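Some notes on the structure that comes next.
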Amino acid sequence: MAAVFGMIVAGIGCVLWLVGLLTRRPGPSWGAVGMYVLVMLAAFANNLLHAGDGWTAIMPWGVALSAVTCVLMLLAAMLNRRATAPLTLRTA
């Protein structure tokens with residue numbers, strides 16, 4: 001049930017991002033957006049895999065796909081952080 005909620009929240013986030021894009025608000029770079037799309041696809045595949053019955057239905061691929069999804073989320077957050085970090089001016 002929590003996985004379905006996560007996909008719903010991700011969909012709402014996509015809609016809000018599109019609204020922000022249409023209103024010309026500054027947002028994440030296209031690289032970060034691409035990573036977020038990969039995260040959503042990996043999470044969706046992970047949800048389908050975990051819909052199987054019992055522990056033997058998801059081992060070992062369920063754990064591996066969960067780990068890949070987590071790593072993709074970290075990479076997307078790092079890309080977004082780098083793209084939206086404020087510029088600092090160095091003074092001599």
Side-chain angles (χ1 to χ4, degrees):
M1 188 65 170
V4 174
F5 178 72
M7 293 303 292
I8 290 171
V9 169
I12 292 170
C14 287
V15 169
L16 292 175
W17 175 75
L18 287 172
V19 169
L21 188 65
L22 293 174
T23 59
R24 306 226 189 267
R25 286 188 170 179
S29 68
W30 286 105
V33 172
M35 285 298 291
Y36 288 137
V37 169
L38 284 175
V39 167
M40 285 184 59
L41 291 174
F44 181 70
N46 199 13
N47 286 340
L48 292 178
L49 185 65
H50 282 280
D53 291 332
W55 180 256
T56 58
I58 63 167
M59 279 304 287
W61 297 110
V63 175
L65 193 53
S66 293
V68 167
T69 304
C70 288
V71 168
L72 285 174
M73 284 190 287
L74 287 172
L75 290 174
M78 286 179 8
L79 275 175
N80 190 28
R81 174 75 175 159
R82 181 173 290 166
T84 59
L87 295 175
T88 57
L89 298 175
R90 292 186 191 178
T91 57

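On a predicted model such as this, the values are computed, not experimentally measured, just so you know. For reference, positions follow the sequence shown, starting with 1.
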>> For residues Leu18 and Val33: do they belong to one hydrophobic cluster (side chain heavy atoms under 4.5 Å, members Ile, Leu, Val, Met, Phe, Trp, Tyr)?
In response: yes
> Under a 4.5 Å side-chain heavy-atom rule over Ile, Leu, Val, Met, Phe, Trp and Tyr, are Val71 and Val39 clustered together?
Replying inline: yes
>> Suppose we screen for side chain to side chain contact (heavy atoms under 4.5 Å, CB included). Which residues come up paired with Met35, at least two apart in sequence or across chains?
In response: Leu38, Leu72, Leu75, Ala76, Leu79
> Do the side chains of Val37 and Met40 join up, straight or via other hydrophobic residues, at under 4.5 Å, putting them in one cluster?
Replying inline: no
>> Can you tell me how far apart OG1 (Thr69) and CG (Asn46) are? Round to the nearest 0.5 Å.
In response: 4.5 Å
